[in-house]
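The model shown is predicted, which means the values in this text are computed figures rather than measured ones.
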Protein chains: 2
Amino acid sequence: MSANTSKPTAKHNESYKDAKAILVAVDNVIFGFDPQEEKLKVLLFKRQVDPEAGKWSLIGSFVQADESADIAAQRILTKFTGLDDVFLEHFQTYSEVDRDPGARVISLGYYSLIRLDEQKEELVESFHAHWFHIDEIPKLVIDHNQIIQDALRLLQEDSKRKPIGFNLLPEKFTIPKLLKLYQEIMQEQLDDRNFRKKILSVGYLDRLEEKDKSNSKKGAYYYQFNVEKYFELVKEGYTLQLP
Amino acid sequence: MSANTSKPTAKHNESYKDAKAILVAVDNVIFGFDPQEEKLKVLLFKRQVDPEAGKWSLIGSFVQADESADIAAQRILTKFTGLDDVFLEHFQTYSEVDRDPGARVISLGYYSLIRLDEQKEELVESFHAHWFHIDEIPKLVIDHNQIIQDALRLLQEDSKRKPIGFNLLPEKFTIPKLLKLYQEIMQEQLDDRNFRKKILSVGYLDRLEEKDKSNSKKGAYYYQFNVEKYFELVKEGYTLQLP
DNA sequence: TCAAAAGTGTTTTCGGTACACCCATGG
DNA sequence: CCATGGGTGTACCGAAAACACTTTTGA
């Protein structure tokens, strides 16, 4: 008697045959942290296909018929960096009809965290890919600047609640480096005493005997992330909560 | 000289022509709260197309060539409930190759929050859709049970950080009802005194003079969510944080 | 011996939690 | 007048925040 938004009697699940297929891509915001420079970076490369060939772009690919989106995101990550088994997470979908001038493409935004010291540099170079500091991202193809911004915001959220920062550091790292990493991610200064207190009080960091003397005469103790202890804590219902 | 994961010289952006298009659907987990029953519910309907026609399913549709996924999710929501301009959010993507036995379909999971008192009941009924209490969801088609579970988890997370609960209540509501709603969402008991203190201290609830006497002789004051005050708070950097 | 980074403690403040009693009113 | 749900206040505890000094050692 009202609400004539649609005919209730019409079939309201379109059949598979009537539906129009769409190109689906993954775009992967690959983050890395350079412990020397103490900078958070994103891997970009020059797009190879028209339109907009030659412009900087995120690492992406179409999702193939025989792979899930997760696998596709993993595939291109491995292809460009040689790395496998790293932190990789879907965070947003971009489906505006006209976002890609080449065709109607729905893009699945992923972000991954890798250890710069473990990447295969020859591979990165062979694709003419380049690491850009998060503050110096050039104008990118399509909506990729937006995608990076969204990824960074999620990285910030996630960093507060999960110990994912360790995916960006070498196996062994010092507390000062960890602090610098968090400051880069959060884009704000943190009190070093309170940070140290908080992060060590959780109990998932093991101090090694070894020290890193590359930055000071005194040297800073190396620490290692203890995954087992972290899983125990999670089982007990613990959830990290940084400011 | 290592990392032979792929030929660096090969084109590493597949051209648009080589890519295979994929069916893309949205599945919308529509939440409603019945203030009388004090139950959180999800809208489901009987799937019309094979395979698995006749089984209970989320409200979904394929994404059309001329619409974004957001619009598609909005479209089916309006079609089934008559409602427009409600809380609607994408939360996850389901892209396993064999998830749908009918074809390769990538599904975008959405969840929406509606006011049960505002839905067009004739419309809901005309589609033979039905509201199921969150604890009594039947076995659904494909991976839809999983999708609901994921949606509920996100609703719980979001509820702690954003004042989205108000999207499930009538314009005017009492604190006891709001408490019951939060308890339904969180699936746990909350201390009523602390809850009241916390939620009122934020300052985005306006007390009306009117009382709801349907549940007690004394009557409970009606409150209203004040969007303007909330936006002001957000601008000042405020973020809600419930236990 | 001193510059430069690493490491350590204390006090204050604020929010979270636990907890028990009075209030209003229709029947 | 009393049962029922609605509403209020307080004491305690622990975590977060602010804040400054000592330690180490290579150059």
Original post:
Any donor-acceptor pair under 3.5 Å between the side chain of B:Lys211 and the base of C:dT25?
Top reply: no
Original post:
Measuring from A:Thr78:OG1 to A:Leu83:CG, what's the distance to the nearest 0.5 Å?
Top reply: 7.5 Å
Subject >> Residue A:Asn194, side-chain heavy atoms: nucleotide from C:dA5, D:dC19, C:dG7 that is nearest >> reply: D:dC19
**OP:** Mind running side-chain hydrogen bond (donor to acceptor under 3.5 Å, both in side chains) on B:Asp150 and B:Gln146 for me, showing each step along the way?
**Re:** CA-CA 6 Å; B:Asp150 294 346; B:Gln146 181 66 47; 2.9 Å; yes
Subject >> Rounded distance (Å) that lies between atom C1' of C:dG15 and atom CG of B:Leu242 >> reply: 13 Å
Original post:
Atom CZ of A:Arg207 to atom P of C:dA6: distance rounded to whole Å?
Top reply: 14 Å
Original post:
For B:Asn215, which contact category applies under a 4.0 Å heavy-atom criterion: base, sugar-phosphate, or nothing?
Top reply: sugar-phosphate
**OP:** Let me know the distance between OH of A:Tyr221 and P of D:dT23, rounded to the nearest Å.
**Re:** 15 Å
**OP:** Taking only the side-chain heavy atoms of A:Arg196 (C-beta and beyond), determine which of C:dG9, D:dG6, C:dA6 contains the nearest atom.
**Re:** C:dA6
Subject >> Geometric cation-pi criterion A:Arg99 and A:Tyr94, 6.0 Å radius, 45° cone >> reply: no
Original post:
Between the base of D:dA18 and the side chain of A:Arg193, is there a donor-acceptor distance below 3.5 Å?
Top reply: no
**OP:** Whole angstrom is fine here: how far is it from CD1 in A:Ile199 over to P in D:dA15?
**Re:** 15 Å
Original post:
Just how far, in rounded Å, is P of C:dG7 from CD1 of A:Ile175?
Top reply: 8 Å
Subject >> Most 5' of B:Thr174 and B:Lys197 on DNA chain D, judged by nearest nucleotide >> reply: B:Thr174
Subject >> Nucleotide nearest A:Lys218 when distance is taken to its side chain, options D:dT23, D:dC19, C:dT17 >> reply: D:dT23
**OP:** Scan A:Lys198 against the nucleic acid and name what it touches under 4.0 Å (heavy atoms): base, sugar-phosphate only, or nothing.
**Re:** sugar-phosphate
**OP:** Using a 4.0 Å heavy-atom cut-off across all strands, classify B:Asp191 as base, sugar-phosphate, or nothing.
**Re:** base
**OP:** Output the single nucleotide from C:dT17, D:dG6, D:dA17 whose closest atom is nearest the side chain of A:Pro243.
**Re:** D:dA17
Subject >> Salt bridge present between B:Lys39 and B:Glu136 (N-O < 4.0 angstrom) >> reply: no
Original post:
Nearest-Å distance, CG (B:Asp192) to P (C:dC19)?
Top reply: 14 Å
Original post:
Of B:Phe195, B:Phe173, B:Phe33, which meets ring pair (Phe, Tyr, Trp, His ring centres under 6.0 Å) against B:Tyr182?
Top reply: B:Phe195
Original post:
Within this structure, what is the CD-to-C1' distance between B:Glu188 and C:dT17, rounded to whole angstrom?
Top reply: 14 Å
**OP:** Specify the separation, in whole Å, of atom CZ of B:Phe195 and atom P of C:dG15.
**Re:** 18 Å
Original post:
Nearest to the side chain of B:Pro176 - C:dG9, D:dG7, C:dG7?
Top reply: D:dG7
Original post:
If you check the A:Lys217 side chain, which of D:dG6, C:dG9, D:dA27 turns out closest?
Top reply: D:dA27
